[in-house]
Amino acid sequence: MTNTPWRPVATAYRRALISQANPKMLLLTVIPFVLSVVLWAVLLAFGFQPLLDYVQTLFQDNDWFKTSSGMLGSFGMSALKTMIVPLIAMLLLLPLMILTAIVFMGVAAMPPITRHVAARHFSTLEAKHGGSFVASIAINVSSAVLFLVVWILTLPLYVFPPLAVLVQVVLWGWLTSRVMVYDALEDYASAEELKELRRRHRPQLAFIGMISGFIGALPGIVWIGGALMSVLLFPFLAAISIWLYVLIFVFTALWFQYYCMQALAELRAGQEAPLAVAPEAAPPA
């Protein structure tokens, strides 16, 4: 295989896949999963029925049942009209589940992932601490707010599932790329290096984000599809989806971490190479 700008993407993918099977990395899924399940068990126990009632009232007051029935009928999905209220409720909850998984991942899993990758392959790489915890929180919060707004605005696209899945993939890819690139480099890259790496590797980072987005969309599809068959399965499917989200986040974080650390090492090697060449001696007078 020739050495192309895309080869490091495949190398980072292979390393992430191997590290994902490491018992330490698998254990990282436990704490975010437990925290998310406890949080959502409480929220669903006290908030799911009021949410259903609110959506039901909203549809009745605005005569949206007639509109939604007509839209579903035009796409040959009239059988779903009785499920429209729980479906909308689930679609409103889904981005919140994703974001809580990201928050718990950032707190509990990203620091050990950074240490794991650095110790295995980049032990000589100097940590310049160009990022900060405050900046990381700001990026996470601003990204989460924009993600939620766009998600809600695109809910009508679910009358055409393929387009809705595409939108979910794009959103997930943008979110993971924006958040995880910074988290992967905040301890090791300087502020200038972080900016330069984003500029140089924008296509590759976007590609990793999009592939991760496609993988990350699968738990939501499974959850909503299964819940449509039986609303009683909703809590169990939610728990399974949360675990899948956390597992996928660990793999995605490892993929970004390996790629970004390798890119940083190569950037510094390129900067130091000219310095390693001794200048020619001046000719004698």
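Predicted model, so just to flag it, every value in this text is computed and none were measured.
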_Nearest 0.5 angstrom please: Asp187 CG to Ser132 OG, how far?_
10.5 Å

*With side chains defined as the heavy atoms from C-beta onward, is the minimum distance between Gln262 and Thr11 less than 4.5 Å?*
no

*Counting distance only, does the side-chain N/O of Trp255 pair as donor-acceptor with the main-chain N or O of Val9 below 3.5 Å?*
yes

*Which of these, Phe251, Phe256, Tyr258, sits in a ring-ring contact (aromatic ring centres under 6.0 Å, His included) with Tyr13?*
Phe251

*So do Leu39 and Leu35 actually touch side chain to side chain, heavy atoms under 4.5 Å?*
no

*If you take all heavy atoms of Ser212 and Thr176, which pair is closest and at what distance?*
CB-OG1, 4.4 Å

*Using side chain to side chain contact (heavy atoms under 4.5 Å, CB included) as the criterion, point out the one residue from Ile208, Leu205, Thr252 that pairs with Ser177.*
Leu205

*Is there a side chain to side chain contact (heavy atoms under 4.5 Å, CB included) between Tyr245 and Phe33 once you walk through the steps?*
CA-CA 9 Å; Tyr245 278 129; Phe33 171 70; over 6 Å; no

*Compare every heavy atom of Met110 with every heavy atom of Asp183, then report the nearest pair and how far apart it is.*
CB-CE, 3.6 Å

_Test item: Ser142 side-chain N/O and Ala138 main-chain N/O as donor-acceptor pair under 3.5 Å_ = yes

_If hydrophobic clusters are built from ILVMFWY residues whose side chains come within less than 4.5 Å, do Leu244 and Leu17 share one?_
yes

*Which heavy-atom pair separates Ser19 from Met25 by the least distance, and what is that distance?*
O-CG, 3.0 Å

_Pair Arg199, Glu196 - check salt bridge (charged side-chain N to carboxylate O under 4.0 Å, His left out), show working._
CA-CA 5 Å; Arg199 185 190 67 81; Glu196 179 65 14; 2.6 Å; yes

*Worked check of side chain to side chain contact (heavy atoms under 4.5 Å, CB included) between Tyr259 and Arg15*: CA-CA 9 Å; Tyr259 183 83; Arg15 288 176 170 179; over 6 Å; no

*Nearest-0.5 Å distance that lies between atom CD in Gln257 and atom OH in Tyr188*: 8.5 Å

_Distance check, rounded to the nearest 0.5 Å: Lys24 atom NZ versus His116 atom NE2?_
8.0 Å

*Can you see which heavy atom on His201 is nearest to which on Ala263, and at what distance?*
NE2-CB, 3.6 Å

*Any chance CH2 of Trp40 has more than 12 other-residue heavy atoms, nucleotides or ligands included, within less than 6.0 Å?*
yes

*Please name the pair of heavy atoms, one in Met261 and one in Ala184, separated by the smallest distance, quoted to 0.1 Å.*
SD-O, 4.3 Å

*For residues Ala265 and Leu125, report the shortest heavy-atom separation together with the two atoms involved.*
CA-CD1, 3.9 Å

*May I ask you to decide if Ser190's main-chain N or O and Glu193's side chain share a donor-acceptor pair within less than 3.5 Å?*
yes

*Treat each ILVMFWY residue as a node, draw an edge where side-chain heavy atoms are under 4.5 Å apart, and state whether Val42 and Ile31 are in one component.*
no

*How far does CG of Leu264 sit from NZ of Lys128, to the nearest 0.5 angstrom?*
8.0 Å

*Value rounded to 0.5 Å, distance of OG1 in Thr124 from CZ in Arg268*: 10.0 Å

*Mind checking the CZ-CG spacing from Arg120 to Asn22? Nearest 0.5 Å is all I need.*
6.0 Å

_Worked verdict on Trp174 versus Phe147 for ring pair (Phe, Tyr, Trp, His ring centres under 6.0 Å)_ = CA-CA 9 Å; Trp174 171 82; Phe147 177 87; 7.5 Å; no

*Please walk me through it: do Glu186 and Leu194 pass side chain to side chain contact (heavy atoms under 4.5 Å, CB included)?*
CA-CA 8 Å; Glu186 65 171 303; Leu194 180 56; over 6 Å; no

